[in-house]
Amino acid sequence: MTQQKRNIAISLPLTGEEEWQAAREPLMTGWLTQGPKVAAFEKAFAERHQVQHALAVTSCTTGLHLALAGLGIGPGDEVIVPAFTWVATANVVLYCNATPVFVDVDPQTYNLDIVQIASKVTDKTKAVIAVHLFGRCVDIDALRAALPGHVKIIEDAACAAGSDWKGRPAGSLGDVAVFSFHPRKSVTTGEGGMVTTNDSVLAEVMDQMRNHGASVSEEQRHRGPRPYLLPDFNLLGFNYRMTDLQGAVGLVQLSKLDKFIDERSRWADYYNNALRDIPWLRTPKTDNACRHGWQAYVTYVDATKAPRPRNDIMQHLMDMGIATRPGTHAVHMLGYYRDRFDLKPTDFPGAQDCNDNTMAIPLHNRMTEEDYHYVVETLKAVA
């Protein structure tokens, strides 16, 4: 009998009957756009992440754009971004006609190399986007100490729902933060994102901007005494509103967040112990100061010791039914940024190293114990 080929995905969302049933109410009531379910999701998310304000949006990308626009960042301004991150982190700076200033990353943590931050700050620097990559928080205390007081800290917490730094949740560490609910994240609404802040003035501005710049939301208008009157528009805004279908699903997913992370943490510990004897594979560096959200389990292939190049190992694992991915990409090595800003791979050697040698292996809440054992056995057998 032919053995069925395995197919262990790099990531799969854990959704089911509860999410299906949650989506029924908006469908039945007819309130499908931003409304009461989104408001409930925002309230629960703000409470979980210990912030005063949470604003649901269409994606982490639009949330980052909204945060920059809300802070008034525009032409002539500079925003520091890590060179090793998803391209959206840099793209949103260009959306505002501002200039992204790249800084290298620490290959041990994959986050901003804070030692290099001071050399990147100029009188044009308005913000730094601190990416909590793969769910590990940036050392926010060291980052703040390295910056002048006027420079805003924007947390790109796309991977960091439920993560924390010294007991303080991601999303509450900087001036404003943005999360992702893409299916590769710990909790999902399909697409979607959440912006968090403790700045009430900024929250009000972003709330209007995500709704075309309207002075009141659709829900406020429809539930108000004169729903037939359109609001005033005092700001240039966008349509970045989350739907109530997504909000309903998000509420259910959020209730499972800590359970999901606890499970991922247990299996990350399993990987750490089971893979430590592979001489060419480095497991993720952890820190007792940080509750890692484990959006992804990203290893490092030591090219000087590995039996094959990283890409060949990834191909072999795919042939064996195990999906892998590079951790992410070095933005300065992508064609658009390379050509527009005349950048070379060696300009940011840490990011280049991570680009060429990181390898994410499967870690998600649909995996079975047998799946994890198979991944470890297959990696150990690579020759």
So, do Lys120 and Ile117 sit near enough that their side-chain heavy atoms are less than 4.5 Å apart? no
In terms of heavy-atom contacts, Asp244 and Gln34 come closest through OD1-C, 3.8 Å
dist Asp262:CG -> Leu257:CG (nearest 0.5 Å) comes out at 9.0 Å
**Message:** So Asn365 and Arg264, do their side chains get closer than 4.5 Å, heavy atoms only?
**Reply:** yes
Residues pairing under side-chain hydrogen bond (donor to acceptor under 3.5 Å, both in side chains) where one sits in residues 71-85, two or more places apart or in two chains, turn out to be Asp77-Lys126, Glu78-Thr122, Thr85-Thr89
Inset, instruction - Determine, using the 4.5 Å side-chain heavy-atom cutoff (strictly less than), whether Phe341 and Tyr95 are members of one ILVMFWY cluster. - result: yes
d(His373 NE2, Glu370 CD) to nearest 0.5 Å is 8.5 Å
Tell me which donor-acceptor pairs under 3.5 Å the side chains of residues 376-383 have, and how far apart each pair is, sequence neighbours excluded?
unit_1	atom_1	unit_2	atom_2	d
Thr378	OG1	Tyr374	O	2.7
Lys380	NZ	Ala274	O	3.3

Do Lys256 and Glu263 sit within salt-bridge range, that is, some charged N less than 4.0 Å from a carboxylate O? no
Between Phe84 and the options Asp104, Thr358, Val131, Asp106, the side-chain contact (heavy atoms from CB on, under 4.5 Å) test singles out Thr358
Ile129 side chain reached by Val93 side chain, heavy atoms, under 4.5 Å | yes
Output for pair (Ile8 CD1, Leu363 CG), nearest 0.5 Å, gives 12.0 Å
Check: Gln246 and Phe41 side chains under 4.5 Å, non-hydrogen atoms:
no
Closest heavy-atom pair, Ala90 versus Tyr337, reported as atoms and distance to 0.1 Å, is C-OH, 3.2 Å
The reported gap from CG in Leu202 to CE in Met209 (rounded to nearest 0.5 angstrom) is 9.5 Å
Rounded to the nearest 0.5 Å, the OH atom of Tyr297 sits from the OH atom of Tyr271 at a distance of 8.0 Å
For a quick test of your reading: what N or O donor-acceptor pairs under 3.5 Å do the side chains of residues 140-154 make, sequence neighbours left out?
unit_1	atom_1	unit_2	atom_2	d
Asp141	OD1	Arg168	NH1	3.2
Asp141	OD2	Trp165	NE1	3.0
Asp141	OD2	Lys166	NZ	3.2
Arg144	NH2	Leu173	O	2.9
His150	NE2	Thr125	O	3.4

Requested in this report: Report the C-alpha distance between Ser163 and Arg136 in whole Å, list the side-chain angles of each, state the deciding distance to 0.1 Å, and finish with yes or no for side chain to side chain contact (heavy atoms under 4.5 Å, CB included).
Outcome: CA-CA 7 Å; Ser163 301; Arg136 179 195 168 107; over 6 Å; no
Checklist line | Test side chain to side chain contact (heavy atoms under 4.5 Å, CB included) applied to Gln352 and Thr346, step by step | finding: CA-CA 7 Å; Gln352 180 188 19; Thr346 53; 3.8 Å; yes
Residues pairing under side-chain hydrogen bond (donor to acceptor under 3.5 Å, both in side chains) where one sits in residues 185-213, two or more places apart or in two chains, turn out to be Glu42-Arg210, His53-Ser200, Asp207-Arg210, Asn211-Arg241
Check your understanding: So if you build clusters from Ile, Leu, Val, Met, Phe, Trp, Tyr with side-chain heavy-atom gaps below 4.5 Å, do Met242 and Leu245 land together?
Key -> no
Is the Trp267 ring parallel, tilted or perpendicular to the Tyr372 ring (thresholds 30°, 60°)?
parallel
When every non-hydrogen atom of His332 is compared with those of Ala351, the smallest separation belongs to CE1-CB, 3.9 Å
Would you say Val331 ends up clustered with Val103 if hydrophobic residues are merged whenever their side chains have heavy atoms under 4.5 Å apart, either directly or through other cluster members? no
#### Entry: More than 12 heavy atoms of other groups within 6.0 Å of Trp280 CH2
yes
* Asked: Taking the side chain as C-beta and beyond, is there a heavy-atom pair between Ser172 and His49 under 4.5 Å?
  -> no
### Message
Keeping Arg310 on the side-chain end and Asp356 on the backbone end, is there a donor-acceptor pair under 3.5 Å?
### Response
yes
Should Tyr240 and Met194 be regarded as members of a common hydrophobic cluster, given that ILVMFWY residues are connected when their side-chain heavy atoms come within less than 4.5 Å of each other, either directly or indirectly?
no
pair Trp86-Thr61: side-chain heavy atoms closer than 4.5 Å = no
Close side-chain approach of Ile261 and Arg291, heavy atoms under 4.5 Å: yes
*asked:* Quick check against the 3.5 Å criterion: does His364 have a side-chain atom that pairs as donor or acceptor with the backbone of Ala9?
replied: yes
> Strictly by modelled atom types, are Tyr336 and Asn91 linked by a side-chain donor-acceptor pair under 3.5 Å?
Replying inline: no
The reported gap from SG in Cys159 to CH2 in Trp294 (rounded to nearest 0.5 angstrom) is 12.5 Å
Taking every heavy atom of Ala330 against every heavy atom of Asn355, the minimum-distance pair comes out as N-OD1, 2.9 Å
In short, Ala306 meets Ile313 closest at the heavy-atom pair CB-CD1, 4.3 Å
Sorted by chain and number, sequence neighbours left out, side chain to side chain contact (heavy atoms under 4.5 Å, CB included) with Asp269 holds for Asn272
Review point. Looking only at atom types and distance, does a side-chain atom of Thr368 sit under 3.5 Å from a main-chain N or O of Asp371, one as donor and one as acceptor?
Key: yes
Around Arg366, counting heavy atoms of other residues, nucleotides and ligands shown, do more than 12 lie under 6.0 Å from its CZ?
yes
Verdict with supporting geometry, Glu18 and Gln21, side chain to side chain contact (heavy atoms under 4.5 Å, CB included): CA-CA 5 Å; Glu18 287 181 273; Gln21 292 299 329; 6.0 Å; no
Looking only at heavy atoms, the pair that brings Ala127 and Ile73 closest together is CB-CD1, 3.8 Å
Phe45 and Phe181 aromatic centres sub-6.0 Å
yes
Are Ile80 and Phe348 connected in the hydrophobic side-chain network, where two residues link if heavy atoms are under 4.5 Å apart?
-> no
| field | Non-hydrogen side-chain atoms of Leu27 and Leu32 separated by less than 4.5 Å | value | yes
- Okay, side chain of Glu155, backbone of Gly171: is any donor-acceptor separation there less than 3.5 Å? yes
Ring centre gap for His292 and Phe134 strictly below 6.0 Å: no
Pair Leu275, Ile361 - check side chain to side chain contact (heavy atoms under 4.5 Å, CB included), show working.
CA-CA 12 Å; Leu275 299 174; Ile361 62 176; 4.0 Å; yes
If you look only at distance, which donor and acceptor atoms sit under 3.5 Å apart when one is on a side chain in residues 317-329 and the other is two or more places apart or in another chain?
unit_1	atom_1	unit_2	atom_2	d
Asp319	OD1	Gln315	NE2	2.9
His329	NE2	Val87	N	3.0

